[in-house]
Each structure stands twice: as C-alpha cells, then as structure tokens.
Amino acid sequence: SGVSKKLVTIEPGGSLKGHRLATRNIVRDLKRNLAKHRVTELVTLFEGASHDPVVASGVRDAIGADEIGLLILDADGAVKRDLDTFGDKLSDRCWLVIDDYTGPADNIKLAATRRDVDELVAAGKLAPLGIYGWGTWIGYWRSNA
C-alpha cells in the first residue's frame, strides 16, 4: 500500500505437542522465524497473555493513536474478553480472523469461542463473512453498532 503499518503480536509462549506444527518453545521458534525471514524489526512482540494489564498497556503504547485494521485471535477462546480489551482501538470494519470457531470435538476452546462470536454477531458488533480452513471465522468489527 506504500503506507507503513505497525505489526504487533502477543504470544504467551509454552510448547505445542501432538500437532503438525509442534514445538518445544513457541516464542523461541517465532523469533527464529521472524529472523529467518528478515522481518524481526517490523514486528513488535509482547510475551504474555492479551488480558494481562501490563501486556495490554504495552500494546496500546505500541499502537499509539493508530487504529487496528486487522486482528487475528488464536488464543484461549475468550473472544469477548479480548475484544473488550482492544475494541476501542479497532477501526470500523476492522477485519477479524478468529481461530477455533469450529473443529474437532476435543478442542476445548470451541464452545467458548463460538458462544462469544455468536453473541457478538447477534448484537451487531461482528459481521460474518465465512468460516474457512480448519474452522476459522472471518468477518469484521462494527464499531458503530
């Protein structure tokens, strides 16, 4: 677009076992991948949970006066909590990508994710575009709703 954008990611870390992208150290591997693709300086990484007040404050400081135009949530299923935390920073029609909306029955995040997304759609705060891939909900934020 010719316009510089801020890229911010929040990663609680840990390990991921029994998955095709398995890793013993999520943060270390993320940093390695950013370096490998020479984009480390383009991404501001916050280690911790999105709902941690220190992390949320750091994200707000990093964003500054800008608005968020794309938000990807792949966390613990507490979609409403994360949107309550950052909703005032989302631009109207901000693209949202929310993982774990549908999927295998053993995924413990599904029920919470689906409940929150469906409630926000019913309230008019989210507009759905579709479900893609392995159960990823895609839509946009309606700040004026």
Gap between atom CG of L126 and atom CD of E119 - 0.5 Å precision: 11.0 Å
Contact summary for K6 and I63, nearest pair of heavy atoms: NZ-O, 3.1 Å
Rounded distance (nearest 0.5 Å) linking atom CG of L42 with atom CG of L34: 9.0 Å
In one Ile/Leu/Val/Met/Phe/Trp/Tyr side-chain cluster, 4.5 Å: V43, F46: no
Sequence neighbours excluded and cut-off under 3.5 Å, please list the side-chain donor-acceptor pairs for residues 83-96, or say none.
unit_1	atom_1	unit_2	atom_2	d
D84	OD2	K80	NZ	3.3
T85	OG1	R81	O	2.9
D88	OD1	R60	NH2	2.5
D88	OD2	R60	NH1	3.3
D88	OD2	R60	NH2	3.4
K89	NZ	G64	O	2.5
K89	NZ	D66	O	2.9
S91	OG	I68	O	3.1
D92	OD1	S143	N	3.0
D92	OD1	S143	OG	3.3
D92	OD2	N144	ND2	3.4
R93	NH1	Y140	OH	3.0

Value rounded to 0.5 Å, distance of CD1 in I72 from OG1 in T9: 8.5 Å
Shortest non-hydrogen separation from D74 to K109 and the atoms involved: OD1-NZ, 3.4 Å
Gap between atom OG1 of T44 and atom CG of D61 - 0.5 Å precision: 11.0 Å
Hydrophobic cluster identity match, W141 and L129, side-chain contacts under 4.5 Å: no
Minimum heavy-atom distance A62-V8, with the two atoms named: CB-CG2, 4.3 Å
Donor + acceptor pair across side chains of D116, Y101 (<3.5 Å): no
Side chain N33, main chain D29, donor-acceptor under 3.5 Å: yes
Gap separating the CD atom of E47 from the CG atom of L30, nearest 0.5 angstrom: 9.0 Å
Carboxylate-amine/guanidinium contact E11 R28, below 4.0 Å: no
Residue of the set T136, T113, L73 for which side chain to side chain contact (heavy atoms under 4.5 Å, CB included) holds with D99: T136
Shared hydrophobic cluster for I131 and L71 (ILVMFWY, side-chain gaps under 4.5 Å): yes
Nearest-0.5 Å distance, NE2 of residue H51 to CD1 of residue I10: 10.5 Å
Same apolar cluster (I L V M F W Y, side chains within < 4.5 Å links), L7/L70: no
Nearest heavy atoms of A127 and W137, plus distance in Å: O-CH2, 3.7 Å
Transitive ILVMFWY side-chain link I98 to L110, under 4.5 Å: no
